[in-house]
Amino acid sequence: RLPPVKIKEPRGVAEKIPAAKIAKAEAVHLIGKCRKRIDTVIHLVHGAPGNCRVKHPLLGMLNARQWLMFSGIHLKHHLNQLQRIEKKFQF
């Protein structure tokens with residue numbers, strides 16, 4: 001589970017990689033494309049050593065399996081955001 005706090009994009013990241021406005025259809029397409037890429041590398045995670053970790057800014061040190069799980073949860077979150085935005089603008 002992620003911490004129940006809202007976090008804004010860090011200023012340094014926003015300056016280096018500004019957020020681009022895209023259409024909902026394109027966002028859904030990119031999320032699906034990312035999901036397919038995750039599915040192609042999922043078999044590599046099973047052989048990854050558990051003690052090899054990479055730092056996440058909020059969640060701390062994560063191994064390959066945890067990163068993969070986090071990525072899936074993060075993609076689901078973005079899909080839910082898109083659905084929530086769509087409902088907001090429906091009459």
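Residues take their numbers from the sequence shown, with the count starting at 1.
The other members of the hydrophobic cluster of Ile22, by chain and number, are Leu30 (side-chain heavy atoms under 4.5 Å, ILVMFWY only).
A 6.0 Å sphere centred on CZ of Arg65 holds no more than 12 heavy atoms belonging to other residues, nucleotides or ligands.
Ile31 is connected to Ile38 through a chain of hydrophobic side-chain contacts under 4.5 Å among Ile, Leu, Val, Met, Phe, Trp and Tyr, so both are in one cluster. Under the 4.5 Å side-chain heavy-atom criterion for grouping Ile, Leu, Val, Met, Phe, Trp and Tyr, Met69 is not connected to Leu75 through any hydrophobic cluster.
Between Ala27 and Leu82, the shortest heavy-atom distance links the atoms CB-CD1, 3.9 Å. Considering all non-hydrogen atoms of both residues, Met61 and Gln66 come closest at O-OE1, 3.9 Å.
Using a 30° and 60° split on the angle between ring planes, His74 and His77 fall in the tilted class, from 30° to 60°.
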Stepwise side chain to side chain contact (heavy atoms under 4.5 Å, CB included) check, Gln83 with Asn80: CA-CA 5 Å; Gln83 290 171 353; Asn80 290 339; 3.8 Å; yes

From CA spacing to verdict: side chain to side chain contact (heavy atoms under 4.5 Å, CB included), Asn63, Asn51: CA-CA 7 Å; Asn63 62 25; Asn51 62 351; over 6 Å; no

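Looking at residues two or more places apart in sequence or on another chain, you find a side chain to side chain contact (heavy atoms under 4.5 Å, CB included) between His56 and Leu58, Leu59, Leu62, Trp67, Phe70.
Here side chain to side chain donor-acceptor pair (under 3.5 Å) pairs that include residues 29-49, with residues two or more places apart or in two chains, number zero.
Judged purely by atom type and a 3.5 angstrom limit, Glu15 has no side-chain atom pairing as donor or acceptor with the backbone of Gly12.
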